[in-house]
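As structure tokens, the structure follows; a few thoughts come after it.
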Amino acid sequence: MTANILFNILAYARLNSVPVAPNFSPELLVVSSLLPAAALLAALQDAAPAAAAAPPPAIVPADTAWMLVSTALVLLMTPGVAFFYGGLVRAKNALNTMMMCMAAFGVCGIVWALIGYSLAFGTGGAFLGDLQFAFLNNVGVDAKGTIPHALFMAYQASFAVVTATLIAGAIVDRMRFGPYLAFIGLWTIFVYAPIAHWVWGGGWLSKLGVLDFAGGTVVHINAGVAAVIAAVVVGKRKDFGRTAMLPHNVPTAMLGAALLYFGWFGFNAGSALAANGSAAGAFATTMLAPMATLCVWMALDAIRTQRATAVGAATAIVVGLVVITPAAGFVSPKSAIIMGALGALPSYYAILWRSRTRLDDSLDVLAGHGVGGMTGALLTGIFAEAAWGGTNGLLYGNPKQLVLQATGVGATIVYSAVVSFVLLKAIALVGKLTADARDQGLGMDITQHGEEAYTHGEGAVLVLADAEAPAVARHAAVATAGGVA
Amino acid sequence: MTANILFNILAYARLNSVPVAPNFSPELLVVSSLLPAAALLAALQDAAPAAAAAPPPAIVPADTAWMLVSTALVLLMTPGVAFFYGGLVRAKNALNTMMMCMAAFGVCGIVWALIGYSLAFGTGGAFLGDLQFAFLNNVGVDAKGTIPHALFMAYQASFAVVTATLIAGAIVDRMRFGPYLAFIGLWTIFVYAPIAHWVWGGGWLSKLGVLDFAGGTVVHINAGVAAVIAAVVVGKRKDFGRTAMLPHNVPTAMLGAALLYFGWFGFNAGSALAANGSAAGAFATTMLAPMATLCVWMALDAIRTQRATAVGAATAIVVGLVVITPAAGFVSPKSAIIMGALGALPSYYAILWRSRTRLDDSLDVLAGHGVGGMTGALLTGIFAEAAWGGTNGLLYGNPKQLVLQATGVGATIVYSAVVSFVLLKAIALVGKLTADARDQGLGMDITQHGEEAYTHGEGAVLVLADAEAPAVARHAAVATAGGVA
Amino acid sequence: MTANILFNILAYARLNSVPVAPNFSPELLVVSSLLPAAALLAALQDAAPAAAAAPPPAIVPADTAWMLVSTALVLLMTPGVAFFYGGLVRAKNALNTMMMCMAAFGVCGIVWALIGYSLAFGTGGAFLGDLQFAFLNNVGVDAKGTIPHALFMAYQASFAVVTATLIAGAIVDRMRFGPYLAFIGLWTIFVYAPIAHWVWGGGWLSKLGVLDFAGGTVVHINAGVAAVIAAVVVGKRKDFGRTAMLPHNVPTAMLGAALLYFGWFGFNAGSALAANGSAAGAFATTMLAPMATLCVWMALDAIRTQRATAVGAATAIVVGLVVITPAAGFVSPKSAIIMGALGALPSYYAILWRSRTRLDDSLDVLAGHGVGGMTGALLTGIFAEAAWGGTNGLLYGNPKQLVLQATGVGATIVYSAVVSFVLLKAIALVGKLTADARDQGLGMDITQHGEEAYTHGEGAVLVLADAEAPAVARHAAVATAGGVA
Amino acid sequence: MKLIVAIVRPDKLNDVLESLYRAEVRGLTVSRVLGHGGETDAVETYRGTTVKLGLQEKVRLEIGVSEPFVDVTVKAILDAANTGEVGDGKIFVVPVEGVYRIRTREKDEAAVTPALV
Amino acid sequence: MKLIVAIVRPDKLNDVLESLYRAEVRGLTVSRVLGHGGETDAVETYRGTTVKLGLQEKVRLEIGVSEPFVDVTVKAILDAANTGEVGDGKIFVVPVEGVYRIRTREKDEAAVTPALV
Amino acid sequence: MKLIVAIVRPDKLNDVLESLYRAEVRGLTVSRVLGHGGETDAVETYRGTTVKLGLQEKVRLEIGVSEPFVDVTVKAILDAANTGEVGDGKIFVVPVEGVYRIRTREKDEAAVTPALV
Ligand SMILES: Nc1ncnc2c1ncn2[C@@H]1O[C@H](COP(=O)(O)OP(=O)(O)O)[C@@H](O)[C@H]1O
Ligand SMILES: Nc1ncnc2c1ncn2[C@@H]1O[C@H](COP(=O)(O)OP(=O)(O)O)[C@@H](O)[C@H]1O
Ligand SMILES: Nc1ncnc2c1ncn2[C@@H]1O[C@H](COP(=O)(O)OP(=O)(O)O)[C@@H](O)[C@H]1O
């Protein structure tokens, strides 16, 4: 009997289980999967004692199941970026572009595990975490929220990796591979980790009450700004503005966009860190916003050139996803549609504007992620609803939130720009950042990786695996025509 | 004891409640709220009363987790169709074909959110829903069955989008993009939504007891029929029957088939709307049927041309999936293998037949989805087993079911054909449906989207972003060789 | 209170539940049947005691949800292999290579359902299962562990299929398609099923205590060894060692690697057979190991040729995944990083060595899966930790484990080599294994499948579907210019 | 001995092959090329960038024929490749001093007359 | 009547087209080719295999011109395609005995003078 | 000065390059082409459609040589490209009136003799 009554109360609480609600009811911490997004934990001061009062948080299988999937989905976004970018460059630079993304798995992933995670999610202070989790010490399968800590770490790692890859779009076709790797590695430590701490690690932005559900500021504005800096410091491509540089394989770019859309559900809905109403809401908004952006974008294209382009459509989907990211779990599906539609405009015109400037942000990372991210962050301050898990925004009588959002945006822009600039300059001291004109002409694939994306093998002569000078080569080939190659 | 009896009743009720949305009668609500429990009843004999006494339906995290994933999987099927179709057309039409699919995200997705969902799943009557959910009003994160309503809506949206894209296969290479978008948008409202209501929205077909687990009628027969109508109304391609039109990139088509197979698990197993035995059964049958179809198809190929073709294999996988769709949660794995094997024959010969006719159903949507869907719907009436969640079919002593299935098929064919025809004719009044011979010759990518799928950029001259006449262009380029392009 | 205590005990016990174990010790069954209760405590306060009292294993929705996803993920690995291999061969053999993988869905999938599963997982004896599950009899939706039996079967089927496809890499470009299908079909029955029984079906290796979390021996060593045998028996490619055979489409190979990485999370983390700490740990290690391998591999490349190659990166990711597979749920994330880093060396040098030999293991299956698998199996014996779900390994004071691992490796190598050899010789009696030089020259796509991967259709003449002699053909084409082709 | 080089529209290729076949012209070599002539150029847009494609896809045929076949061949092409719209292409007749059939090492006339196998 | 065949660097193509345009040379046909000359060969590595790519990407232009245009055309190409580094390419001037414009069946001179449409 | 145009089998290209190399012939240009000759056509099937591929893949070499090199070059190709089966290809020797090396603007003989860099 009492059980039933209790059940009803709990069930009722669960129904309103938007991330804010549950923390008011201690019991739920034990039994339910409703632990809110980490970002909100810090914002709700009264949650801490409640949690302290409750027995150790338990791992919830259902939440674990969803987060396992979410993490895998977000990890798929890195190849997604690789194909999206890879299809948009010229064939002679396709592999280099894809490698800039895939290699981030190695460099940023390891850097994150060794130190980044701890700097971002170690308790630490308002601006930076500490080293309690360095080298993944103290990261076990005990519960962090309602999922195993190791899983939480993996989920965050997937974000760190994909964020770094976004920057590549601004310096494709020309940045030397070594310096690039050095840059994204250091960037993950010195730029990404701190900002992640501010927003999700209990840092000052979260304390301030800035809303960023899945990383509009941490991921997109941050990457977008760093991208511009990189484009400027690395410099223009050899023929930029002189010859037309066309996407060599649009279907590949389309594949990238598709994988991004797919993976983004893990990115946004996964940020609820539980399989609950918040995740469901975030999922719906993440699905709807890009749909609206796509409609508006195709309309703008049609108006301007009488034709809706495929590259435009792929771009629109990404922009829509970027815009909804900070708001995903905080706004209603209806608002998501409006946000998606509005979000198309700034990015669309930013792209047109950029192509008239001397700024060689080759694949428009600024317009897509930077501008899109800012639009999203600000619109979040307007459309957020307590009823949907956020703090009320402008439309719901809380203009203050809009100011807070602007603060978050501003802080991110400044920090990211300054530190990214410093890092690039530092690396430039060690080695040249940009490939010389000849290498750019031959193509980055051959000069940076000694490969070509598409080969027919005509006139390719086999060389003994350890032959050194090309001169030797041909004779070696002749000599070994016997088959011992 | 009583618990066991109750369990059986509940279990039985549940069996017939799949997927005919379990949320209309209060009893069913209880059932579905129990459902997760259903699995546990075996372990918790005394759980039933407790839960049965609980009035408000509860969100079940595990079911939510699975449905979040399922929805993402089904959304991945739209790009899947894009690549499957895109690889089968000629290079000059690749982007147009892919865009026909990707653009559905925008048009059909938004149309669905604004009105389609409500027409399909609003209470309404036997033939159409109402407007209670129009503009997503009243669609919150409260429980719909055992998952948040917003998630249920998203899941259904993913179906609406992919269904519309299937039609594209019949009119690729020639239908103008604008009219196409208008068509699929209207089609989603006037054809898809009503039929979805009949089968899943508590409409007359579900009342009748027609079995359609995941959409054999609603999705495949429906799309297949609309496709033929479209092919006929839009007319043949310029060179149809005169020149050979070969797939320009079979690996891309293979990728599409792979993504479809993958996404289809969300489509079929997800239709259980819960992470339970029904989902598991549907998963197994969905995995096995295409395997059997593939074997038979390769055998037929080998017999006819001494060679098993890759395009054939990709087609076989899709056909197998189509055939098992209506039966997924109603038949045993063994029956699934048999259904998959049998299902290969009608579609295989339909394709051979079609290629000898004047009907330019370019990518054989009729043979694949229409015929495949009918085969599946009817075989469901034969192989369905109460033991596996269905109503018994012919083989299990209930010939009546076969008649019911035929009714469902017939009704869908007639309605889909008539309304699709009317819609196309209506659109034709506003604008030409078919691109003229010259545009088809140049390729739909250039003429409809102003892009090419694969470019080398030779002799491409950069033009000021807002230059109008090509005449101006070259000089513009010269003038701007400075870099301000 | 007591509930909490009980809960903590259970939670702890749960952490140590390794995939091999749950089906064997009754207590663990209770545990696993209970743990999900955590999620249901909200709904059923009194569930714990009840469940503790309930002997029959119960289906756990959360575990079911995760395993549904895992199975889908593993099934995606087969196309993953298809693209990975398909991109590495020459264009004229692309389809044949992909078909070798996709066709396994049909042949191996069906063979597995009919007999393989039963031989592997039927009770049987120490060396082979029995026929209790032949034709999927007795495979229902009742609980197997904590998930429906049909789902467990599907999960295992996904392993069987992908394992067989790995072999293809050693005999691409030359093995005739028919004999190939016969081989992988028989191989699944006579090689894969028995070894799977040894390790996962309660056979002697598991009894012995050999650790193989997700299939290092069963899948990778096994396939790697069979691959070499196949390469030797089938023989070298026509121009092997004389002309350079370059990958025709590296981005496609990259896509394959990406899909493999993604699917592998289902492969490894799914092997926990539950959404628990073990799965989370396995997920983290599976994510980290390839990252480390990638770093080391790029470094080795850079040292040797001054350039990090993309094909190398794709290979590195796969190798890292192979290495961690047997250890995934048994080692700490930190150990995973070390294992991944160490694991790069043997495979890297094995590839260099192989390319100097006369062994035409065309895509280095031996180096990648064979050597990588052995490295992983042995390192597991060194790094495994009871604390992370394994038995302690060498580093944790249990050198015996290393010996056990070596036993497992040895047994697999011998059995796989011998039986694979016999099977191939047997098939050779029926029909020629290798395509003759002319067919290899023309390309396997045209000669084995009557298709080309990429066609422009120039000079392609339409022939009446049933026209026989090419002579007739052209006239037929003329005759049918009317459109009845 | 002449080498006839013809540039035609891709979608006319099959007709040309057909017509050459009827004219008993068996041997020929085809390649995909890009051409610029009097055609108005197609304009494409990629994101912010607008480009003018000065080059159109064409197909190039290269046919080695013995004197008596020259006019026949040219006529066959002219008839089949003509649409009357700008962009139909050109035919060039180039003198040849020697022809060899690699298979038989036959020279000149013998080399181009259909192989009797 | 001559057929001018030029092999140039891909990244010089646009300059060449530009310069031909200014020289009033309108009709031409372009194709992507691979060339071998004095260039040092690029070396690539795929897994264990090291290969030397003896062939570099080049672009081939084929331009049919009437006598008075020959030198103009050659000069236009020489000016635009030159970088001074090995690999710039070659120009071949081949005699032509007849030219036809497929669209109009015009012959010789008439066939190559810009079409007045 | 002659321009030697040869059509050979793709899988014979490397042998031909090898043999030309030994014959001291350095400069050449290669392109992928499709050819039709006496070969029997391959038949392919895509779903319901059966097509006959009248064209086979071939490789086209274009080699500008000074008189003394003509026979050497032809012989080198004949030797390396021959398989004896239908489809081996042809060699055409075309007269050339002028050759230019773009890099140096050298003319004729000088232009084709290996560049001394
Ligand atoms: N002088 C030329 N030299 C080489 N190719 C040419 C020449 N003129 C035209 N062509 C080729 O013929 C094609 C059509 O020529 P164009 O002049 O546009 O049409 P038309 O011949 O009908 O006037 C061009 O795309 C080009 O490939
Ligand atoms: N004798 C030749 N015949 C045909 N093409 C040639 C010849 N010599 C050079 N080429 C082409 O010109 C390109 C550059 O020639 P190369 O000799 O390397 O440079 P350069 O002419 O500056 O010495 C080669 O890649 C090849 O395509
Ligand atoms: N008259 C020709 N003009 C141009 N190319 C030709 C001619 N004859 C043959 N070829 C080329 O040579 C290739 C082989 O010629 P074919 O006649 O089939 O073999 P063979 O020369 O051994 O008789 C053809 O595919 C075609 O590319």
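Sequence lines set the chain letters: A, B, ... in the order given, protein chains first and strands last, and positions in each chain run from 1.
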Does any heavy atom of chain C fall under 4.5 Å from the side chain of [X], the backbone, both, or neither of them?
X      : value
A:F83  : side chain
A:V161 : side chain
A:F177 : side chain
A:T71  : both
A:I147 : neither
A:L75  : side chain
A:Q448 : backbone
A:A143 : neither

Who wins among [options] for the most heavy-atom pairs under 4.5 Å with chain C?
options                       : value
A:M153, A:M102, A:H456, A:M67 : A:M102
A:L68, A:I110, A:L76          : A:L68
A:G87, A:G178, A:G450         : A:G450
A:A154, A:A157, A:P79         : A:A154
A:D445, A:L114, A:T64, A:L95  : A:L95

How far apart are the closest heavy atoms of [X] and [Y], and which atoms are they?
X      : Y      : value
A:A91  : A:A453 : O-CB, 4.3 Å
C:L359 : C:F240 : O-CZ, 3.8 Å
A:A274 : A:W66  : O-CD1, 3.4 Å

Selection from [options] maximising heavy-atom pairs under 4.5 Å formed with chain A:
options                        : result
C:M298, C:K92, C:R90           : C:M298
C:T293, C:V69, C:V250          : C:V250
C:P247, C:G266, C:A314, C:G281 : C:P247
C:S332, C:A244, C:P251         : C:P251
C:T309, C:L294, C:L246         : C:T309
C:A258, C:A280, C:A310, C:A284 : C:A310

So, does [X] use its side chain to make a donor-acceptor pair with the main chain of [Y] at under 3.5 Å?
X      : Y      : answer
A:S118 : A:I115 : no
A:N276 : A:A279 : yes
A:T165 : A:C101 : no

Can you check side chain to side chain donor-acceptor pair (under 3.5 Å) on C:T146 and C:D63, steps first, answer last? CA-CA 7 Å; C:T146 60; C:D63 294 348; 2.8 Å; yes

Side chain from CB out, backbone as N, CA, C, O: work out which of these in [X] comes under 4.5 Å of a heavy atom of chain A, or both, or neither.
X      : result
C:V311 : both
C:L255 : both
C:A308 : both
C:T243 : backbone
C:I337 : side chain
C:M254 : both

A:T97 versus A:L88: any side-chain heavy-atom pair under 4.5 Å? no

For C:F262 and A:F262, take the angle between the two ring planes, folded into 0 to 90°, and tell me which bin it lands in: parallel under 30, tilted 30 to 60, perpendicular over 60. perpendicular

Just say parallel, tilted or perpendicular for the rings of A:F133 and A:H149, cut-offs at 30° and 60°. perpendicular

Distance, nearest 0.5 Å, that separates [atom1] of [X] from [atom2] of [Y]:
X      : Y      : atom1 : atom2 : result
A:N93  : A:M99  : CG    : CE    : 14.0 Å
C:C295 : C:L300 : SG    : CG    : 11.0 Å
C:S355 : C:D364 : OG    : CG    : 7.5 Å

Report yes if the distance between the aromatic ring centroids of C:F267 and C:W264 is under 6.0 Å, otherwise no. yes

Stepwise salt bridge (Lys or Arg N to Asp or Glu O under 4.0 Å) check, C:R237 with C:D173: CA-CA 7 Å; C:R237 285 170 292 181; C:D173 295 4; 2.8 Å; yes

